[in-house]
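Below: one structure, written as structure tokens.
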Amino acid sequence: MINTLNKQVYSRNYRANTKIGGIGATIVNKSSLASKLGISETWITNFSISNNDVYCNIRYDYNIPSGAFVNNLEITSYFDYSGKVIQLLGSNANSACFKGTANLIDVTLPKVSTMLGFVFYQSGIENLFCPELTTINGSWTFRDSNLKQFVAPILTYLNSPAGFLNVPLEVFYAPKCTYIDTQINNAILDQLHLPEVITYRINTSGSTIISIDLPKCKYVTSIRAFRVYGLTSLNVPLLEELECGNNTGSSPFADNATISSLNFPSLSKLTRNFFLNNTDSWVNLTDVYCPNLIEVGNEYCFTVGAKRPITLTVNTELQNHPIGSLAIARFLSYSANNTIIYSN
């Protein structure tokens, strides 16, 4: 959000709709700014420099060019107050426009609707205001940045593998998002609430998240979908298909030392290997409720590393599934105290 100081600066010089912080030593006139932004010098009026920050009015819509500020250590902010920036060009580590801008902290881009990969990779970005952002499509968009609050009120599609890797998120707000594929580690969130997500593909390994709420989610397809510290509440009531885990034993639920039960009333299909990788961290888990589960992908899906008695509820039809019957036998043989309940 545009902070109070910058509102005051803007109100004092209403003809300046753009502020680019920190670049006054190298962008010294309209010509050098036009060259940097790939626009005509005639588009720029009221150019001035104050405290090494560039102020100007840019008259027409434009895109920030590919590679414009790659590895630039001077830039500290980019405020496009009147929404002239339409796109951020460049989609790899050599061309993304703000990649490697370690001292860039504040960015306001009110009309940008799409972001590609690497845009803020290895940047110092802490505060981002993009209220019309609807799509993120590309890897490593915010990876290794300092972003603390991700607020995207109308974002509907987020496909950015490792997009938030090593990012110290404290808020993740995307209430309209229906598809999400990314990695969020190193975050500390009270809640991850995604009320419209249908397909959830987030690797949360290494994060601390107290509550995960996915009231409309039907498909979870991440190896470490719920692998977080501190989880006490998990709500995925419409989940139909869980595609998690892999051949090396990665679990979608590892590191959950606090959760005591898993409740998936709509789950019918497990399509990968390990549903319960109950290592020593599973000190409280006692109940797993999947009354509609009729298909599993691996006979070991309930038994890997279990450390305490578990009561497992599945559909009676799972006994007739060739792999399901083996999985049930493995579960019961692993511990004499394990219990299975069949639901019709």
Problem set entry | Set of ring pair (Phe, Tyr, Trp, His ring centres under 6.0 Å) partners for Y200, sequence neighbours left out | F226
Exercise. When F164 is tested against each of W140, F120, F142 for ring-ring contact (aromatic ring centres under 6.0 Å, His included), which residue passes?
Worked result: F142
Exercise. T141 side chain to V119 main-chain N or O, any donor-acceptor pair under 3.5 Å?
Worked result: no
Problem set entry | T221 side-chain N/O to E243 backbone N/O, donor-acceptor pair under 3.5 Å | no
Problem set entry | Distance flag, aromatic centroids of F98 and Y121, threshold under 6.0 Å | no
Exercise. Would you say the side-chain atoms of N17 and S82 include a donor-acceptor pair closer than 3.5 Å?
Worked result: yes
Exercise. Any side-chain heavy-atom pair from F264 and Y289 closer than 4.5 angstrom?
Worked result: no
Problem set entry | Single-linkage hydrophobic cluster I20~L109, side-chain heavy atoms < 4.5 angstrom | yes
Problem set entry | Electrostatic pair E170-K148, nearest N-O below 4.0 angstrom | no
Exercise. Are F118 and I64 joined in one hydrophobic group, where the rule is that I, L, V, M, F, W and Y side chains link up if heavy atoms are under 4.5 Å apart?
Worked result: no
For this session: Verify the cluster assignment for M115 and I184: are they in a single hydrophobic cluster under the rule of side-chain heavy atoms below 4.5 Å apart?
Result: yes
For this session: State, yes or no, whether a side-chain contact exists between Y157 and N137 at a heavy-atom distance under 4.5 Å.
Result: yes
Problem set entry | Distance-only donor-acceptor check, side chains N92 and S95, under 3.5 Å | yes
Exercise. Salt bridge or not for K176 and E196, using N-O below 4.0 Å?
Worked result: no
Problem set entry | Partners meeting side-chain hydrogen bond (donor to acceptor under 3.5 Å, both in side chains) with T26 (sequence neighbours left out) | E74
Exercise. Is a side-chain donor-acceptor pair under 3.5 Å present for T204 with R227?
Worked result: no
Exercise. Is there a path from L231 to V220 through hydrophobic residues (I, L, V, M, F, W, Y) whose side chains come within less than 4.5 Å of each other?
Worked result: yes
Exercise. Do V151 and L192 belong together in a cluster built from hydrophobic side chains that touch within less than 4.5 Å?
Worked result: no
Exercise. Taking atom types as modelled, is there a side-chain donor on N235 or D213 under 3.5 Å from an acceptor on the other?
Worked result: yes
For this session: Return yes if some donor-acceptor pair links the side-chain N/O of S222 with the main-chain N/O of I202 below 3.5 Å, else return no.
Result: yes
Problem set entry | Donor-acceptor contact present, side-chain D106 to main-chain E126, <3.5 Å | no
Exercise. Could K269 and Y219 be counted as a cation-pi pair, given that NZ or CZ must be under 6.0 Å from the ring centre and within 45° of the axis?
Worked result: no
Exercise. Any sub-3.5 Å donor-acceptor pair from N292's side-chain atoms to L267's backbone N or O?
Worked result: no
Problem set entry | Whether S40 side chain and T42 backbone form a donor-acceptor pair below 3.5 Å | yes
For this session: Apply side chain to side chain contact (heavy atoms under 4.5 Å, CB included) to T114 and list each qualifying residue two or more places apart in sequence or on a separate chain.
Result: L116, T135
Exercise. Within the distance-only criterion (no hydrogens, no angle test), does the side chain of S145 pair as donor or acceptor with the backbone N or O of S123 below 3.5 angstrom?
Worked result: no
Exercise. Below 4.5 Å, heavy atoms only, C-beta onward: do Y55 and N46 meet side chain to side chain?
Worked result: no
